[in-house]
Amino acid sequence: MDVPGGDYLFLGGMVLLFGWLATHYARRLSGVNRALRKGIRAEGTCVRIEQEPYNRSDARRHFFTFLLPDGRLIEFEDLANRSVGVGDPVTVAYDPAAPERTATVAGRGHWSPVLQYGVLVAGCALAAAGFAAVLILTAV
């Protein structure tokens, strides 16, 4: 069944989705960059790893915790490589003004968080631009 304007709706939706993702990861990249340059370092621990549905080995979410100087325990999700397991110690960098939003794993044995989020921003932005180009060219 052919829906009139369905192509435009799909392409427009893809532009919005990938544009939103690029913006989301760009904001995260900004916070991570600030935490790495001007932030405080603390020792943290990987507390759990969640598998996505259907046990896809390529979709794992790592959660970490660390203590602030005032004793509060902060838990956050971040990108991590497969060698990080539950209970493993990590170095955490965070901005003291907003530790919940800016905490990131930083240290030896980990890819640079700036590089990780930079690749995500670039990929999502390129996908949004590609869908926008197809949308514009099909409208002509």
Side-chain angles (χ1 to χ4, degrees):
M1 181 167 113
D2 191 25
V3 177
D7 295 343
Y8 299 119
L9 186 62
F10 172 76
L11 292 170
M14 291 293 103
V15 170
L16 290 174
L17 172 67
F18 283 105
W20 179 83
L21 285 171
T23 303
H24 171 75
Y25 286 122
R27 291 185 65 186
R28 176 70 177 144
L29 174 62
S30 173
V32 164
N33 191 31
R34 184 174 52 253
L36 290 172
R37 288 184 326 149
K38 299 179 181 176
I40 296 174
R41 306 247 176 192
E43 289 303 312
T45 306
C46 179
V47 291
R48 72 179 186 277
I49 300 171
E50 293 180 359
Q51 293 281 130
E52 292 298 323
Y54 313 113
N55 291 322
R56 293 184 341 204
S57 62
D58 63 337
R60 298 167 50 149
R61 299 171 60 196
H62 290 77
F63 293 86
F64 302 91
T65 61
F66 67 99
L67 279 173
L68 293 177
D70 65 6
R72 284 189 298 149
L73 184 68
I74 303 293
E75 180 174 308
F76 67 99
E77 179 184 358
D78 203 8
L79 302 172
N81 60 30
R82 294 183 188 277
S83 66
V84 175
V86 174
D88 287 352
V90 294
T91 301
V92 176
Y94 66 95
D95 182 352
E100 297 87 1
R101 289 191 330 234
T102 59
T104 188
V105 175
R108 294 176 50 131
H110 299 282
W111 279 51
S112 165
V114 173
L115 178 61
Q116 290 175 335
Y117 286 106
V119 168
L120 283 170
V121 169
C124 291
L126 283 173
F131 280 115
V134 172
L135 178 64
I136 291 168
L137 292 175
T138 55
V140 173

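With side-chain heavy atoms closer than 4.5 Å counting as contact, directly or through intermediates, Leu126 stands alone and belongs to no larger hydrophobic cluster. With a 4.5 Å cut-off between side-chain heavy atoms of Ile, Leu, Val, Met, Phe, Trp and Tyr, the cluster of Phe63 takes in Val47.
There is no path of hydrophobic side-chain contacts, each under 4.5 Å, that joins Leu67 to Val86. Under the 4.5 Å side-chain contact rule for hydrophobic residues, Leu135 and Trp20 share a cluster. Under the 4.5 Å side-chain heavy-atom criterion for Ile, Leu, Val, Met, Phe, Trp and Tyr, Val105 and Ile40 are members of the same hydrophobic cluster. No single ILVMFWY cluster, assembled from side-chain heavy atoms under 4.5 Å apart, contains both Leu11 and Ile136. Two different hydrophobic clusters hold Val15 and Leu9 under the rule that ILVMFWY side chains link at heavy-atom gaps under 4.5 Å.
Here the CD-CD distance, from Glu75 to Glu100, works out to 12.0 Å after rounding to the nearest 0.5 Å. Note that CZ of Arg28 is 7.5 Å distant from OG1 of Thr102, once rounded to the nearest 0.5 Å.
Of all heavy-atom pairs spanning Glu43 and Val90, the tightest one is OE1-O, 3.5 Å. Scanning both residues, Gly85 and Cys46, for their nearest heavy atoms gives O-CB, 3.3 Å. Leu21 approaches Cys124 most closely through the heavy-atom pair CB-SG, 3.7 Å.
Within the structure, every pair that satisfies the ring-ring contact (aromatic ring centres under 6.0 Å, His included) test and touches residues 81-104, not counting sequence neighbours, is listed here: Phe66-Tyr94.
No side-chain heavy atom of Leu17 sits under 4.5 Å from any side-chain heavy atom of Phe131. Within the 4.5 Å cutoff, the side chain of Arg61 has no heavy atoms near those of the Ile49 side chain.
Taking a 6.0 Å sphere around CZ of Arg27, one finds it holds 12 or fewer heavy atoms contributed by other residues, nucleotides or ligands.
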